[in-house]
Amino acid sequence: MYYIAKRLAFYVLAAFVAITVNFFLPRLTPGDPASTIVATYSTSLNAESLAALKAAYGLTDEPLLQQYVTYLGNVLRGDFGRSLSNFPAPVMAVIGAGFGWSILLGLTSVLLSFVLGSVLGAIAAWRRGGWFDRLTPPVLLFLGSFPYFFLALLLFYVFCFKLGWFPMGNAYSSVNPPALNLQGIGDILMHLIAPAFTIVLVSLGPWTLNMRNAMIGVLSEDYLTLAEAKGLKPRRVLLSHAVRTALLPNITALGAAVGAVFSGQLLTEIVFTYPGLGYALMRAVSAVDYPLMQALFLIITLSVLAANFLVDTLYVLLDPRVRTGGEA
């Protein structure tokens, strides 16, 4: 518990620093949000309307420190102002519309890649030198070396446009999100398969290679030789001892992958017009929508910190050295 409490304190401090940088950075760079908004609407609005618009975005002439205190209070309440590109919708409403779809696409892809890559890597190391070990890692690394945008477009053209096996965009067929009945879930899954398959295909190689290399190192440890000498069955030695230890590097990478869910699938959401946060970030950058960009950057940062804290907690369960007070 001491280890978890220490890590929690570190991540709370890191989150505070991230929120502070997210506030000061746009205000200390040339071309601040207020100037951009005023320049955009100065020809179509009078002075009173412009003042009202700045007030709606929280862009006041108050001292910077007072603005910072107000910003901290708004962040704690989940209030990031109103979106420029979706005016007058609040930023949190825009984010809320894409949050669930990004979580669905990102977690599905990352967890499938992690599980499949770890299983393939463990099998390759356990049968080291066989045809599976010689064939699988190079093929997966070759697929992962393709330019990602090119591969996504190629799969979209073949499976969605030419063959028509999967829908050509969006996360569902109707105008509004479908009901969560059997038909609605099936429709969502049909729209999910193609973009998720693209992400899994390009990311499977590193997961497999990392697991294979870790397993080869673990299999040479003396305690595994001792376990075999004690008469344990090979399957139990593999699953209960070797795989459990070799998973630690992949679990560390899993934390970073989960944290990058919102930013790492940007190209996939653009190619398949999937309505997640990556697609919303692209539209926010195109429209110079500072309030929405700030909120999305902060969510990406906080999600990375939360994922890393989850990984640290898993380390306590998997590595006895951490439970006894040592570092992994």
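These numbers come from the heavy atoms of this one structure, side chains and all, not from hydrogens, waters or symmetry mates. The chain is numbered in sequence order, starting from 1. None of the values given here were measured: they were computed from a predicted structure.
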To the nearest 0.5 Å, what is the distance between [atom1] on [X] and [atom2] on [Y]?
| X | Y | atom1 | atom2 | result |
| --- | --- | --- | --- | --- |
| M293 | L281 | CE | CG | 8.0 Å |
| R77 | L72 | CZ | CG | 10.5 Å |
| L140 | L116 | CG | CG | 10.0 Å |
| Y172 | N170 | OH | CG | 5.5 Å |
| T108 | I103 | OG1 | CD1 | 10.0 Å |
| S113 | L204 | OG | CG | 6.0 Å |

Check whether any side-chain heavy atom of [X] lies under 4.5 Å from a side-chain heavy atom of [Y], and answer yes or no.
| X | Y | value |
| --- | --- | --- |
| V202 | L143 | no |
| N22 | T301 | no |
| L104 | Y274 | yes |
| P275 | E269 | no |
| F272 | M168 | no |
| N74 | T70 | yes |
| R128 | I216 | yes |
| M92 | F80 | yes |

Please evaluate residues M190 and S173 with respect to the criterion side chain to side chain contact (heavy atoms under 4.5 Å, CB included), reporting the C-alpha separation (whole Å), side-chain torsions for both, the decisive distance (0.1 Å), and the verdict. CA-CA 10 Å; M190 282 301 294; S173 300; over 6 Å; no

Mind running side chain to side chain contact (heavy atoms under 4.5 Å, CB included) on L155 and L201 for me, showing each step along the way? CA-CA 11 Å; L155 294 177; L201 192 62; 4.2 Å; yes

[X]-[Y] co-clustered via ILVMFWY side chain contacts under 4.5 Å:
| X | Y | answer |
| --- | --- | --- |
| L310 | V115 | no |
| L65 | F16 | yes |
| L76 | V69 | no |
| V158 | F166 | yes |
| W101 | I193 | yes |

Quick one: closest heavy-atom pair of [X] and [Y], and the distance?
| X | Y | value |
| --- | --- | --- |
| Q294 | F23 | NE2-CA, 4.0 Å |
| V94 | A89 | CG2-CB, 4.2 Å |
| L292 | S83 | CD2-OG, 4.2 Å |
| P137 | R212 | CG-CD, 4.1 Å |
| P138 | D133 | CD-O, 4.3 Å |
| L296 | A280 | CD1-C, 4.1 Å |

Co-members of L141 in a cluster of I, L, V, M, F, W and Y side chains, linked at under 4.5 Å: L209

Tell me whether [X] contacts the main-chain N or O of [Y] through its side chain, where contact means a donor paired with an acceptor under 3.5 Å.
| X | Y | answer |
| --- | --- | --- |
| S102 | L277 | yes |
| T273 | I270 | no |
| D187 | Q183 | no |
| R134 | G129 | yes |

Could you go through the side chain to side chain contact (heavy atoms under 4.5 Å, CB included) check for V21 and V17 one step at a time? CA-CA 6 Å; V21 171; V17 172; 4.2 Å; yes

Is the gap between the ring centers of W126 and F132 under 6.0 Å? no

Take atom CG of L163 as the centre, draw a 6.0 Å sphere, and report whether it contains more than 12 heavy atoms from other residues, nucleotides or ligands. yes

Tell me yes or no: between the side chains of T20 and Y68, is some donor less than 3.5 Å from an acceptor? yes

